[in-house]
Amino acid sequence: MDQSSLSSLVVELFTTIQLLAAYPVPQSSPEIHVVPHAVIEEKICRSQCRRITAFYHPDWGVYVDESLDLAGDNFDRSILLHELVHHVQHSAGAFEMLPSDCQRRNAEEQEAYMLQNKYLAAIGDPRRIPVGARMGSCRN
């Protein structure tokens, strides 16, 4: 996907997030890096993270595995939407009131997966993410 098409997709997905969750469209978009999987491994897990195909970091932007078909596959596009939800959450200060990093992270992930599933349902894609199985346990 060329940069112009990617930029248009990001605008479309921010509008979708606004419609699904009433978050305002952020004033700035994160940098979107479409990279080989090895870069994702290097940035966030050093190795053994084959299942991770994208991530968001407030300082670095969104990293997306170049193997994803953002132009042609609804589910792959939903992965980018999921990461953009994290940018919107960060921009809006969502979940800052929660007492621990673990609780904030779980709340952010739960909402991002919920919105990813809503997006897939809205576009008629039958695939879903099992949300509960992806939440960590917090010790507080």
Side-chain angles (χ1 to χ4, degrees):
M1 174 175 276
D2 64 52
Q3 192 60 43
S4 176
S5 297
L6 182 59
S7 295
S8 294
L9 177 59
V10 167
V11 169
E12 176 187 323
L13 293 175
F14 276 139
T15 301
T16 300
I17 293 165
Q18 181 182 35
L19 293 170
L20 292 174
Y23 277 110
V25 173
Q27 291 186 355
S28 62
S29 294
E31 284 190 52
I32 309 292
H33 309 274
V34 180
V35 298
H37 188 81
V39 173
I40 292 173
E41 287 186 356
E42 179 184 313
K43 287 277 188 190
I44 62 167
C45 57
R46 304 289 180 225
S47 67
Q48 304 300 320
C49 67
R50 285 278 163 220
R51 292 179 40 203
I52 297 173
T53 55
F55 74 92
Y56 168 75
H57 187 284
D59 297 326
W60 307 334
V62 175
Y63 281 72
V64 179
D65 192 314
E66 67 186 1
S67 70
L68 295 181
D69 179 8
L70 298 175
D73 186 276
N74 291 332
F75 191 83
D76 287 358
R77 211 168 16 260
S78 81
I79 293 169
L80 177 57
L81 176 130
H82 175 108
E83 300 309 330
L84 292 174
V85 167
H86 290 311
H87 177 72
V88 171
Q89 291 167 334
H90 179 77
S91 297
F95 307 111
E96 286 182 355
M97 79 301 276
L98 293 177
S100 74
D101 287 342
C102 179
Q103 289 172 328
R104 281 188 292 279
R105 183 75 180 145
N106 277 348
E108 290 166 353
E109 284 300 324
Q110 183 172 8
E111 181 180 56
Y113 283 123
M114 179 198 66
L115 292 173
Q116 183 177 3
N117 284 336
K118 277 183 154 182
Y119 171 73
L120 289 166
I123 61 174
D125 191 304
R127 295 172 284 184
R128 301 291 182 274
I129 301 291
V131 176
R134 305 223 180 230
M135 299 302 111
S137 174
C138 298
R139 295 181 187 151
N140 286 12

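Treat the numbers as computed from the prediction; the structure is a model and nothing was measured.
- Taking both residues in full, the closest heavy atoms of Gln103 and Leu98 are given as O-CD1, 3.6 Å, listed atom of the first, atom of the second, then distance.
- Tyr56 and Glu108 are not linked by any side-chain donor-acceptor pair at a separation below 3.5 angstrom, with hydrogens and angles left out of the test.
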- Checking side-chain contact (heavy atoms from CB on, under 4.5 Å) for the pair Met1/Leu9: CA distance, chi angles, key distance, verdict? CA-CA 10 Å; Met1 174 175 276; Leu9 177 59; 4.0 Å; yes
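- Trp60 is connected to Ile52 through a chain of hydrophobic side-chain contacts under 4.5 Å among Ile, Leu, Val, Met, Phe, Trp and Tyr, so both are in one cluster.
- Across all their heavy atoms, Ala112 and Gln89 have their closest contact at N-NE2, 4.1 Å.
- From Ile129, atom CD1 reaches atom CE of Met114 across 14.0 Å, with rounding to the nearest 0.5 Å.
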- Given side-chain contact (heavy atoms from CB on, under 4.5 Å), test Val39 with Glu42 step by step and report yes or no. CA-CA 5 Å; Val39 173; Glu42 179 184 313; 5.5 Å; no
- For Leu80 and Leu6, what are the C-alpha separation, side-chain angles and deciding distance, and is it a side-chain contact (heavy atoms from CB on, under 4.5 Å)? CA-CA 10 Å; Leu80 177 57; Leu6 182 59; 4.2 Å; yes
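- Transitive grouping of hydrophobic side chains (ILVMFWY, heavy atoms separated by less than 4.5 Å) brings Ile123 and Leu13 into a common cluster.
- Side chains of Arg104 and Asp101 form a contact here, defined as non-hydrogen atoms less than 4.5 Å apart.
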- Item | Pair Arg77-Asp125, salt bridge (charged side-chain N to carboxylate O under 4.0 Å, His left out): steps then yes or no | CA-CA 11 Å; Arg77 211 168 16 260; Asp125 191 304; over 6 Å; no
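- Criterion: ILVMFWY side-chain heavy atoms under 4.5 Å apart, direct or through other members. Under it, Ile44 and Val35 are part of a common hydrophobic cluster.
- The two atoms that bring Ala54 and Ile40 nearest to each other are N-CD1, 4.3 Å, heavy atoms only.
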- Item | side chain to side chain donor-acceptor pair (under 3.5 Å) evaluation trace for His86 with His90 | CA-CA 6 Å; His86 290 311; His90 179 77; over 6 Å; no
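- To the nearest 0.5 Å, atoms CD1 (Ile79) and CG (Leu68) are separated by 5.0 Å.
- Separation of atoms OG1 (Thr16) and NZ (Lys118) is listed at 12.5 Å; rounding is to 0.5 Å.
- Hydrophobic clustering (side-chain heavy atoms under 4.5 Å, transitive across Ile, Leu, Val, Met, Phe, Trp, Tyr) groups Val10 together with Val25.
- Ring orientation note: the planes of His82 and Tyr113 are tilted relative to one another, at an angle of 30° to 60°.
- Put simply, CD1 on Ile17 and CD on Gln116 are 10.5 Å apart, with the number rounded to the nearest 0.5 Å.
- Atom-to-atom distance recorded for Gln27:CD and Ser91:OG is 9.0 Å, nearest 0.5 angstrom.
- Note: Leu120 CG to Phe75 CZ = 6.5 Å, rounded to the nearest 0.5 Å.
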- Task: Take Ile32 and Leu84, measure what side-chain contact (heavy atoms from CB on, under 4.5 Å) needs, and give me the verdict at the end.
- Result: CA-CA 10 Å; Ile32 309 292; Leu84 292 174; 4.1 Å; yes
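- One hydrophobic cluster, built from ILVMFWY side chains closer than 4.5 Å, cannot hold both Leu19 and Leu115; they sit in different ones.
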